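Since the structure is predicted, the reported quantities are computational estimates derived from the model, not experimental observations. Numbers for residues simply follow the sequence, beginning at 1. Start at 1 and go down the list; that is how both ligands and their atoms are numbered.
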Amino acid sequence: MEKVVSYINSHRDNYVEELKEFLKIPSISTLAENKPDMKTAAEFVAGKLRSAGMQNVKIIETKGHPLIYADWLNAPGKPTVLIYGHYDVQPVDPINLWDSPPFEPTIKDGKIYARGATDDKGQMYMHIKTVEAFMKTEGTLPLNVKFIIEGEEEIGSGNLEEFVNKNQELLKCNAVLISDTSLYGPGIPTLTYGLRGLCYMEVEVTGPNRDLHSGTFGGGVDNPINVLAEMISKLKDNNGKIKIPGFYKDVVNLTKKERDNFKTLPFSEKKYARELGVKELKGEKGYSTLERIWARPTLDCNGIIGGFTGDGAKTVLPSKAKAKISMRLVPNQDPKKIAKLFKSFINKIAPKTVKLNMKDLHGAYPIATSLDDSATIAAANALSKVFGKKTVFMREGGSIPIVVTFAKKLKASPVLMGMGLDSENLHSPNEHFNLNHFHLGILTSAYFLNEYSG
Ligand code: BES
Ligand code: MN
Ligand code: MN
């Protein structure tokens with residue numbers, strides 16, 4: 001390991017320069033105009049895997065954006081680790097709130113600013129550099145490694161899901177290593193053992209067959225915006241409980257042990273509120289903030305569209321209003337079941353004055369992984385070694401849709417070894433990645449591969 005570690009330590013500047021090149025590619029998966037950039041990003045990843053010494057590097061076309069596969073399987077008798085990451089990024093809007101352009105990577109105070117810096121280009125790139133360090137120094141890896149990198153994580157991973165289902169032999173492995181989550185705090189070695197799931201719905205309400213003069217018609221017909229607002233307000237009660245019948249039926253409650261573990265983590269509600277610019281926190285009654293964001297389901301309106309939204313005043317009764325409503329799910333809730341329950345509740349509470357059209361936009365299953373798996377133990381040891389502290393175990397409020405598919409179909413334990421921070425503005429302006437964590441991540445990945453090899 002000595003040679004590998006000193007190689008990694010002496011190449012810090014090269015790694016940052018290469019990451020900059022990667023971050024310049026605007027690989028926004030959801031926008032049609034960025035389709036060519038997706039290809040450029042896939043080619044970048046494939047090229048770096050090749051020069052790192054990986055074999056069978058392939059760009060695999062899908063109905064959407066390409067996947068990249070690579071392997072190095074020359075360690076017979078040793079375990080196989082599948083490394084997953086995503087090269088797609090979120091849109092950049094609102095662009096005027098960025099202090100430097102999102103695709104012109106800028107370093108300030110040891111952090112690199114760009115869209116995708118922490119989610120997930122920077123984190124995914126760490127593992128390519130780890131493999132390269134082994135190959136350049138030892139000429140070999142301590143175990144078998146496969147990579148599967150996708151370009152559709154931010155839009156639900158539909159095509160990767162299909163690929164995994166059809167290629168279980170190709171992707172066969174003992175553990176899946178993923179860096180796409182957060183550390184509990186700066187410099188705190190962290191393993192994430194739970195992810196929430198997601199059920200994302202769109203509700204469209206149609207009232208009169210056209211927009212109407214609000215004086216001539218106001219008072220005579222129902223207003224779709226008012227109707228939508230009333231329906232949204234019926235989805236939760238004052239204690240933050242979701243009122244959809246059956247919603248909590250499959251929820252696995254937190255154990256005493258888990259609640260006790262959460263309590264050992266340093267957390268200040270005051271500081272949390274201050275950082276977010278709110279006077280008071282709010283959530284489900286009877287649960288702490290960490291419990292609410294990691295291990296309890298939620299329902300939130302993500303967007304609401306309708307009526308006149310320009311400057312000034314226009315007296316109008318809109319014909320339509322639309323809301324985007326998402327529910328974060330916890331084990332063992334099923335996004336498909338939840339979508340059904342949601343639809344039938346909305347149908348029940350909708351007045352006869354309007355027509356409804358509902359769409360199920362996204363789904364992800366929640367997961368909680370076992371803590372005594374050998375890969376998890378190896379990862380916790382590697383983290384402690386590199387960070388010089390005891391590894392903490394946490395859950396995560398966000399979702400990574402493909403993780404459950406890996407666990408179920410490949411029967412491999414997911415190791416969520418993220419190096420990001422929740423404060424690094426993922427999905428929002430001024431996204432960045434702490435370069436110290438970037439380097440520690442490369443080292444941790446190296447120690448993990450070594451430790452897990454036996
Ligand atoms: N890397 C995130 C998940 C995440 C978020 C981890 C916050 C740690 C902290 C991932 O890229 C993501 O954004 N997932 C989406 C999934 C959705 C688009 C299906 C999410 O959670 O909203
Ligand atoms: Mn991500
Ligand atoms: Mn994301």
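Between Y113 and W98, the ring centre distance reaches or exceeds 6.0 Å. Between Y69 and F147, the ring centre distance reaches or exceeds 6.0 Å.
For ligand 1 and G398, the ligand atoms under 4.0 Å from any heavy atom of the residue are 21 (O). Atoms of ligand 1 found under 4.0 Å from any heavy atom of P401 (numbered from 1 in listed order, with element): 19 (C).
For atom 15 (C) of ligand 1, the closest heavy atom belonging to the protein is S399 O, 3.6 Å. Nearest protein neighbour of atom 17 (C) of ligand 1, counting heavy atoms only, is L198 CD2, 4.0 Å. Protein heavy atom nearest atom 9 (C) of ligand 1, with residue, atom name and distance: E396 OE2, 3.1 Å. The single protein non-hydrogen atom nearest to atom 18 (C) of ligand 1 is E154 O, 3.5 Å, given as residue, atom name and distance.
Open room surrounds NZ on K108; 12 or fewer heavy atoms of other groups in view lie less than 6.0 Å from it. The environment of K340 atom NZ is sparse: at most 12 non-hydrogen atoms of other residues, nucleotides or ligands sit within 6.0 angstrom.
Within the 3.5 Å criterion, the main-chain N or O of E104 finds a donor-acceptor partner in the side chain of T106.
Polar contact check, D119 against ligand 1: a nitrogen or oxygen pair lies under 3.5 Å apart. Ligand 1 has an N or O atom lying under 3.5 Å from an N or O atom of E153, backbone or side chain.
Protein N/O/S atoms closer to the Mn ion (ligand 3) than 2.8 Å number 4 in this structure.
For H427, the closest heavy-atom approach to ligand 1 falls below 4.0 Å. Using a 4.0 Å cutoff on heavy atoms, H86 counts as a contact of ligand 1. Within the 4.0 Å heavy-atom cutoff, A364 does not count among the residues contacting ligand 1.
Using a cut-off of 4.0 Å between Lys/Arg side-chain N and Asp/Glu carboxylate O, E258 and R395 are scored as salt-bridged. Ionic pairing of K129 and E18 is present here: one or more N-O contacts between side-chain nitrogen and carboxylate oxygen are shorter than 4.0 angstrom. At a threshold of 4.0 Å, the pair R115-E431 counts as salt-bridged, since one of the basic side-chain nitrogens sits closer than that to a carboxylate oxygen. Salt bridge present: R259 and E291 bring a charged side-chain N and a carboxylate O closer than 4.0 Å. Using a 4.0 Å cut-off between charged nitrogen and carboxylate oxygen, E284 and R292 do not count as a salt-bridge pair. For the pair E162 and K166, the salt-bridge criterion is met [side-chain N within less than 4.0 Å of a carboxylate O].
Within the 4.0 Å heavy-atom criterion, the part of L426 lying near ligand 1 is the side chain and not the backbone. Residue S157 does not touch ligand 1, judged by heavy-atom distances below 4.0 Å. By the criterion of a heavy-atom distance under 4.0 Å, both the backbone and the side chain of D180 are placed next to ligand 1. Of the heavy atoms in R328, only side-chain atoms (C-beta onward) come closer than 4.0 Å to ligand 1.
Considering all non-hydrogen atoms of both residues, Y365 and Q333 come closest at CD2-O, 4.4 Å.
With N159 as reference, E152 is the one residue of E61, E152, H65 to meet the side chain to side chain donor-acceptor pair (under 3.5 Å) rule.
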